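As the structure is a computational prediction, the values presented were derived from the model and not from experiment.
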Amino acid sequence: MRKVVIAILFVLFATTSVVAQYNRDYFFYIGRRQMMDNDFKEAIRTLNVLLRFDEDAYEGYFLRGIAKYNLDDLLGAEADFTEAIEKNPVFTTAFTYRAITRSRLGNYDDALSDFREAIELRPDLPNPYYSRGVTRLLNQQFKEAIEDFDNFIRYEKKVADAYINRGVCHLYLKDTVRAYADFDLGIRTNRESPFGYNRRGVLLMQQNRFAEAEKDFDMAVKCDSMLAMSFFNRALVYNETNRPMQSLADLDRVIQLDSTSSITYFNRAIIRSRIGDYNRALEDYNKVAQYSPDNVLVYYNRALLYQQLGEIERAKSDYTKAIELYPDFANAYLGRSYLRHLLRDYKGSRSDKQIAERKIAEYKSRLNDTTYSIYADTTRRFDKLLSFESKLAGSSFERITSRRTNDEKMALLPLFKFTFTQDSTEQTATARKFHSQRAEDFIKQLDNPLLAISCRESNILPDSLVAINRRLKHSVTADAATFGQLFQLAISESLVKQYTNAVNTYTAAIQALPTNPFVYLNRAATQAEMIDFISSIDNAYQRISIESDPARQLHNRPTRTYNYDEAIADLTKAIKLHSGFAYAYYNRANLYALSGKLPEAYEDYSKAIELNPHFAEAYYNRGLIQIYMKDTRKGCLDISKAGELGIEEAYEVLKNYAKQ
């Protein structure tokens, strides 16, 4: 079963008893923060301390169970979820996640029992129905799984995966009509997801409707140009329609995405052998042997290839290896018999032939026994391309399907704001290239050499920032504070993380001069930082998760969203007062992204780039947004542009998502 990642429910902190001690709250806070940093080992140590203080803290056992799960300690996770349930017998979420853990352990009966408890406790929650449906699908309880997906769809009609999984169930029940209808519904629910197109395309391919299947795989590639499955499936269509070069091109692309894909090397070797490219086919079989050393077919097929190349000893060695792996492989005995005859080992040749004939006779006597090995059937060919779902012994091919679901996260670059920095020339590439006369005049007016616009952390030492804050606070009196004094005091308060004071000071500055757009920009940035700090987000800016599909309930850790409405309203005011200020559009795009409003974020990043074609940070963040929205190709182009303009983080992203 493919690894699933359990979602961390940080809302648990809200359920902590109001009489909890300070230390308890602190350890919860630190433990959750460490888990958001994916530092699960440290999180376990922190939660251990918490549980020593309070053995009844069921939320602590639950969080520690999640940490253990993510470290593949499934038995430990199950034990902690069990402890949480014993402390709180109506802990619905613990039942759900213990069920998921047990499902991954292959303990489907107990997993289904836990799902039943969770659903009885909260029959109005849709997610347990979905998760139980997946478990029943894995347990081959297809009719029951369909019922669960039906129940889930009653609550959530816009989750494409529910329709796709229900379609898979229908497919296993041989109801291709309903399967096709569900795949079609999945596609209509989310036309940007490649998974529905792939499922429907495979069904069409099985029905020999190759032209229609090819269109579906083309759409899947268009939706996500980094998903290997789509290229692999299209390669099969090209092969079936006698277009070997196009098939090889798609298999090449799969290998670019996963250089250890045994099944892809195997298929490419077969096609290369057919077109006479024997040496490169041999290289591919060598790769399969390297990554899947227990695969019988690689040695059998490579022996045939060696035989064609006249390397008899190597061919004989491969037949021997195939026989060692599977002693009932009649074809391998016949092949080795032929080679031994060529080498004048007549006794060995005769022995191999006799063994092969005995295997064949046994096979013919058991033609109705479907458990008998196909390898005794000498009429069977073993040069047919294997499907995406096929598995080779020792194969690492599953990494293709899981590569994009391992919860990789990339942070948006932060908000721009007026800040204090030691060297104003040490700004971003964007800040040097973007010209706003109004902003420059404003900085000159305040006459502070430390003042600059930046999205980076201040390089002034913390002690110096505290000293600056004290000096500015001393110079500002309640009765005679100017706008400039208030603005700079608010900056210093924000830098020493006195967020409430900073927001109040910015508000006073706005009352003094309500037509200045820059104070709204900074107040919005401070409000966002305050929300992030209070909400215990792992760094100053929410992260966007690059995953296979946001709808995959079992496989994803959902990204929380927070209310940035007031900050967005400030930025909208800043834009109204200064419509050509690219930073305001960029900042609002960031907050839209953190609020889950990705189309709006895309539009604002685009406006910022329109105002400043060299806006590197906007290209970078827009690229992440597009990757998240499944337009990987365009997203990588934007990130490439950001790298060209000086964003070093861009190349780390491209290394993972745009390998050439």
Discussion item. Walk me through whether D604 and L571 qualify under side chain to side chain contact (heavy atoms under 4.5 Å, CB included).
Written reply: CA-CA 11 Å; D604 270 357; L571 291 168; over 6 Å; no
Discussion item. Quick one, Q422 with S464, criterion side chain to side chain contact (heavy atoms under 4.5 Å, CB included). Give me CA distance, side-chain angles, the key distance, then yes/no.
Written reply: CA-CA 10 Å; Q422 198 75 44; S464 299; 5.7 Å; no
Item to complete: Start with the C-alpha distance between K473 and L489, add both sets of side-chain angles, then the distance that settles side chain to side chain contact (heavy atoms under 4.5 Å, CB included), and finish with yes or no.
Response: CA-CA 6 Å; K473 188 173 294 185; L489 173 60; 4.0 Å; yes
Discussion item. Under the criterion salt bridge (Lys or Arg N to Asp or Glu O under 4.0 Å), I'd like the reasoning laid out for R188 against D184: C-alpha separation, chi angles, the key distance, then a yes or no.
Written reply: CA-CA 6 Å; R188 283 189 288 168; D184 192 53; 3.5 Å; yes
Discussion item. One pair to check against side chain to side chain contact (heavy atoms under 4.5 Å, CB included): S436 and I453. What are the steps and the verdict?
Written reply: CA-CA 11 Å; S436 170; I453 304 174; over 6 Å; no
Item to complete: In sequence, state the C-alpha distance, the side-chain angles, and the governing distance for N165 and Y130, and then conclude on side-chain hydrogen bond (donor to acceptor under 3.5 Å, both in side chains).
Response: CA-CA 9 Å; N165 285 339; Y130 181 94; 3.1 Å; yes
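With rounding to the nearest 0.5 Å, the separation of CD1 in I647 from CD in E617 is 4.0 Å. Taken from CG in D570 to OH in Y564, the straight-line distance is 14.5 Å, to the nearest 0.5 Å. Taking CG from D638 and CD1 from I609, the interatomic distance works out to 5.5 Å, rounded to the nearest 0.5 Å. Atom CD of Q527 sits about 9.5 Å away from atom CG of L591, to the nearest 0.5 Å. Distance check: I568 CD1 to S595 OG gives 4.0 Å after rounding to the nearest 0.5 Å. Rounded to the nearest 0.5 angstrom, L513 CG and F487 CZ are separated by 10.5 Å.
Between L450 and I468 the shortest side-chain heavy-atom distance falls below 4.5 Å. Contact of the R622 side chain with the K641 side chain is not registered, since no non-hydrogen atoms from C-beta on lie closer than 4.5 Å. Annotation: side chain of N198 is in contact with side chain of L227 (closest heavy-atom distance under 4.5 Å). When side chains are defined from C-beta on, I491 does not count as touching L472, because their heavy atoms never get closer than 4.5 Å. Here the side chains of F420 and S454 are not in contact, with every heavy-atom distance at 4.5 Å or above. Under the 4.5 Å side-chain criterion, counting only non-hydrogen atoms from C-beta, E610 is in contact with K607. V134 has its side chain within reach of F149: a pair of non-hydrogen atoms, C-beta onward, lies under 4.5 Å apart.
Taking the charged nitrogens against the carboxylate oxygens, E649 and R456 do have a contact shorter than 4.0 Å, which makes a salt bridge.
By the 30° and 60° cut-offs, the orientation of the rings of F581 relative to F418 is parallel. Y155 and Y129 have parallel rings, their planes meeting at less than 30° on a 0 to 90° scale where 60° marks the start of perpendicular.
Taking each heavy atom of T96 and P128 in turn, the nearest pair found is OG1-CG, 3.9 Å. Between L594 and L412, the closest heavy-atom pair is CD2-CD1, 3.8 Å. Of all non-hydrogen atoms in I164 and F195, the two that sit nearest each other are CD1-C, 4.0 Å. Closest heavy-atom contact between Y197 and R191: OH-O, 3.3 Å. Annotation for V159 and T189: closest pair N-CG2, 3.9 Å, computed over non-hydrogen atoms. Heavy atoms only, all atoms of each residue included: A509 and V519 are closest at CB-CG2, 3.9 Å.
The salt bridge (charged side-chain N to carboxylate O under 4.0 Å, His left out) analysis of residues 593-602, with sequence neighbours excluded, yields no pairs.
Note: F615 and Y605 fail the aromatic proximity criterion, with ring centroids not under 6.0 Å apart. Residues F81 and F62 bring their aromatic ring centres within 6.0 Å.
Remark: side-chain polar atoms of Y163 are paired, donor with acceptor, to backbone N or O of K157 under 3.5 angstrom. Within the 3.5 Å criterion, the main-chain N or O of N522 finds no donor-acceptor partner in the side chain of N587.
For the side chain to side chain donor-acceptor pair (under 3.5 Å) test with E493, the passing option among N469, T526, T505 is T505; the others fail. Partner of F40 under the side chain to side chain contact (heavy atoms under 4.5 Å, CB included) criterion, out of M35, R45, Q34, R64: M35 alone.
With hydrogens and angles left out, the side-chain atoms of N621 and Y586 include a donor and acceptor closer than 3.5 Å. When only modelled atom types and interatomic distance are considered, D441 and Q437 share a side-chain donor-acceptor pair under 3.5 Å.
Within a 6.0 Å radius of CZ in R438, more than 12 heavy atoms belonging to other residues, nucleotides or ligands are found. Remark: E648 CD is loosely packed, at most 12 non-hydrogen atoms of other residues, nucleotides or ligands lying under 6.0 Å away.
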